[in-house]
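Only this structure's heavy atoms are used, side chains among them; waters, hydrogens and symmetry mates stay out. Proteins get letters first, then strands, A, B, ... in listed order; numbering begins at 1 in each.
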2 protein chains.
Amino acid sequence: MRERAIGRLTLYRRTLRELDEKMTHIFSHQLAKMVGVSAAQLRRDLMPIGYEGSPNRGYEVAGLLASLSQHLDGPGSHTVALIGVGNLGRALLPYFTARNPHLRVIAAFDTDPQKIDRIICGCRVYALERLEEVIAAEEIKVAILAVPRDTAIDCAQRAAGAGVTGLLNFAPIPLEVPRQVFVENVDLTMALEKVNHFAQRTVEVREADHTTTD
Amino acid sequence: MRERAIGRLTLYRRTLRELDEKMTHIFSHQLAKMVGVSAAQLRRDLMPIGYEGSPNRGYEVAGLLASLSQHLDGPGSHTVALIGVGNLGRALLPYFTARNPHLRVIAAFDTDPQKIDRIICGCRVYALERLEEVIAAEEIKVAILAVPRDTAIDCAQRAAGAGVTGLLNFAPIPLEVPRQVFVENVDLTMALEKVNHFAQRTVEVREADHTTTD
DNA sequence: GTTAAATTGTGAATCTTGTAACGCAGTTCA
DNA sequence: TGAACTGCGTTACAAGATTCACAATTTAAC
Ligand SMILES: NC(=O)c1ccc[n+]([C@@H]2O[C@H](COP(=O)([O-])OP(=O)(O)OC[C@H]3O[C@@H](n4cnc5c(N)ncnc54)[C@H](O)[C@@H]3O)[C@@H](O)[C@H]2O)c1
Ligand SMILES: NC(=O)c1ccc[n+]([C@@H]2O[C@H](COP(=O)([O-])OP(=O)(O)OC[C@H]3O[C@@H](n4cnc5c(N)ncnc54)[C@H](O)[C@@H]3O)[C@@H](O)[C@H]2O)c1
């Protein structure tokens, strides 16, 4: 399915989770508003998963939730590794640990001896040397990369070699991994600079509005 | 200009900065590889900014850098506010402070009395009550929103009211701000779940490859 | 001075994403 | 009963982004 739509499906699921047991049914336009998309887009996104709502009642929350989860994750529960327990990693760990019961971060890796063998947020920190061993043993398929930029490519290759097929990469550098490994890059500096650009442009527009009596 | 392309322009600039004074000229395919895009796309992105390279020499690094900065930021230096100095905010602060000389985080806001009036990474933490006052006085146009979800909408509105025209939002909820305010949403949970989805799918593909002798 | 090689800028084609529109099926209320 | 709502599923359309392909241009070499 299209990548963008998958992202939105996760938003629908997350929002539905909080609704569950507060209300049994929901209309497309209600859910759409909570997530911040149009109702048409929501319905369109839902099409491929095959779950059908009813007019005048909308979607059954529990049913849609189950259907979404099945299509997003498949059966079974899934595990995640965190590579790099620095400033960013230590912020992510409690957040992901608290929120996602079905997506557990069960192993972290670092090179800093101070951190190795400690347990943070219920997640053990291993020496980087044990990366392949632990990932293979735990059959971890997803890794979060929060290591310094210069080590990111190497870490990604090692993770992929050990069986990881999905990477969430925070290092601002393109990774080099086999084609079948899915990589999602999150570049926060880019995001901030983008915001700055449009923020400055808005200022100009505002001033232009003044002068042109718009 | 188109939003997507602006993001990439910031990547070109960042990469060029590290190159500056190591080499004076660079070809599109070289820079493209460093950033992780195709050469054709890079050249297309550069078109609107009007900077021209030469065949057999490529782009002049310093010149392109200057031209990019002018088109991305305009003249002057710019300031940023951080709203919410929690786990995430405390990770972002040192990162942005260290990296971006031309984009300085000069004020932070929080409700926690423990944090108020402290100085973290050279950035003073103010009480949330002083948000409007400080933002207006410092003429801050960009704010990073790293507060709990339920307070995000309110914080965004107050920031916008005080003159902020660009928001980098980490709270997983759609903000409600005037149309001219630019909002960039970063949803890390969505990103991780997206990665997990495609990671699981890859496993299936791999197994399918096995069975179908592909 | 001419040729050859390499790279640029850009129009056209392709692919992706989002939006609007429309018919259809339940539901409600007279 | 049936007429009018309402919201769903789907299709058609528009906008945007990416890739392709190639003429134009610059330099180096001979
Ligand atoms: N902190 C942020 O807000 C932020 C924002 C955007 C991007 N990033 C990116 O995220 C990455 C991490 O940032 P950070 O601020 O957490 O850095 P950091 O220096 O605080 O943490 C890096 C951690 O990785 C560990 N490490 C170093 N080499 C390693 C290796 N080879 N294998 C495993 N662990 C290793 C270090 O011991 C340290 O604990 C960087 O690539 C950075 O560019 C960070
Ligand atoms: N930590 C992460 O890795 C992470 C990841 C993704 C998204 N987020 C989102 O980022 C936001 C912050 O996450 P966090 O982990 O830093 O949370 P946190 O609880 O660690 O920090 C929140 C901070 O905001 C302050 N605060 C509370 N109400 C406030 C208000 N009205 N105005 C200003 N400050 C206020 C608190 O005192 C605290 O310091 C949340 O919306 C969360 O969903 C965090």
Side-chain angles (χ1 to χ4, degrees), chain A residues 1-12 16 19 23-61 63-65 67-68 71 174 179 182-185 187 190 194 197-198, chain B residues 1-12 16 19 23-61 63-64 67-68 71 174 179 182-185 187 190-191 194 197-198:
Chain A
M1 197 202 257
R2 301 145 304 179
E3 189 176 331
R4 221 65 178 286
I6 289 291
R8 285 191 298 269
L9 291 184
T10 70
L11 304 186
Y12 306 148
L16 286 173
L19 254 57
M23 51 201 294
T24 63
H25 290 79
I26 192 168
F27 292 122
S28 65
H29 63 89
Q30 294 176 306
L31 182 55
K33 177 154 195 186
M34 290 187 239
V35 170
V37 303
S38 73
Q41 183 160 63
L42 185 149
R43 293 201 299 273
R44 198 212 167 99
D45 289 340
L46 254 39
M47 233 197 297
I49 80 166
Y51 188 82
E52 306 216 337
S54 90
N56 263 33
R57 201 157 311 176
Y59 301 93
E60 200 196 334
V61 174
L64 181 52
L65 205 40
S67 192
L68 279 170
H71 274 263
R179 211 169 307 104
F182 179 86
V183 176
E184 173 85 358
N185 293 299
D187 193 321
M190 177 183 98
K194 203 162 90 175
H197 169 78
F198 289 106
Chain B
M1 197 206 257
R2 299 142 302 179
E3 190 177 329
R4 220 68 177 287
I6 289 291
R8 284 191 300 268
L9 291 184
T10 71
L11 303 186
Y12 305 149
L16 285 173
L19 253 59
M23 50 202 292
T24 64
H25 290 78
I26 191 168
F27 293 123
S28 65
H29 66 266
Q30 293 177 307
L31 182 53
K33 177 153 197 187
M34 290 185 237
V35 170
V37 302
S38 73
Q41 183 158 65
L42 185 150
R43 293 201 300 273
R44 177 156 302 278
D45 288 340
L46 253 38
M47 238 198 292
I49 81 167
Y51 190 83
E52 304 214 339
S54 88
N56 263 31
R57 201 156 313 174
Y59 303 91
E60 200 197 332
V61 174
L64 181 52
S67 192
L68 279 170
H71 274 262
R179 211 168 306 102
F182 180 85
V183 176
E184 174 84 359
N185 293 299
D187 193 321
M190 178 183 96
K194 203 160 90 174
H197 170 77
F198 288 105

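- Donor-acceptor pairing under 3.5 Å, judged by distance alone, is absent between the side chain of B:Arg44 and the base of D:dT18.
- Computed from coordinates, the B:Leu42 CG to D:dT19 P distance equals 12 Å when rounded to whole Å.
- Between the side chain of A:His71 and the backbone N or O of A:Ile49 there is at least one donor-acceptor pair closer than 3.5 Å.
- Residue contacts shown for B:Arg57 are limited to sugar-phosphate atoms, with no base heavy atom under 4.0 Å away.
- Atom P of nucleotide C:dT10 and atom CG of B:Asp45 are separated by 13 Å, given to the nearest angstrom.
- The base of D:dG16 does not come close enough to the side chain of B:Arg2 for any donor and acceptor atom to sit less than 3.5 Å apart.
- No donor-acceptor contact under 3.5 Å links the side chain of A:Arg8 to the base of C:dG18.
- Between A:Leu42 and A:Ser28 the shortest heavy-atom distance is CD1-O, 3.9 Å.
- No donor-acceptor pair closer than 3.5 Å links the side chain of B:Gln41 to the backbone N or O of B:Ser38.
- Residue A:Arg43 places at least one side-chain N or O closer than 4.0 Å to OP1 or OP2 of D:dC8.
- The nearest heavy atom of DNA chain C to B:Ile26 and to A:Ser54 marks one nucleotide each, and the one closer to the 5' end goes with B:Ile26.
- Across all strands shown, A:Arg4 has heavy atoms under 4.0 Å from sugar-phosphate atoms exclusively, and none from any base.
- Rounded to an integer number of Å, the gap from CE of B:Met47 to C1' of D:dA24 is 15 Å.
- Between B:Asn56 atom CG and D:dT26 atom C1' the separation is 6 Å, expressed in whole Å.
- Closest approach of B:Phe182 to B:Glu3, counting heavy atoms only: CZ-OE2, 3.6 Å.
- Rounded to whole Å, the distance from CD on B:Gln30 to C1' on C:dT8 is 14 Å.
- In this structure, CD of A:Gln41 is placed 20 Å from P of D:dC13, rounded to the nearest angstrom.
- Rounded to an integer number of Å, the gap from CD of B:Glu3 to P of C:dT16 is 20 Å.
- Atom NE2 of B:His25 is separated from atom P of C:dT8 by 12 Å (rounded to the nearest Å).
- Close to C:dT8, at under 4.0 Å from its OP1 or OP2, lies no side-chain N or O of B:Tyr51.
- Side-chain atoms of B:Ser28 lie closest to C:dT8 of the nucleotides C:dT8, D:dG7, D:dT19.
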Just do the side-chain contact (heavy atoms from CB on, under 4.5 Å) check on A:Leu46 and A:Tyr59 with the steps written out, would you? CA-CA 11 Å; A:Leu46 254 39; A:Tyr59 301 93; 3.7 Å; yes
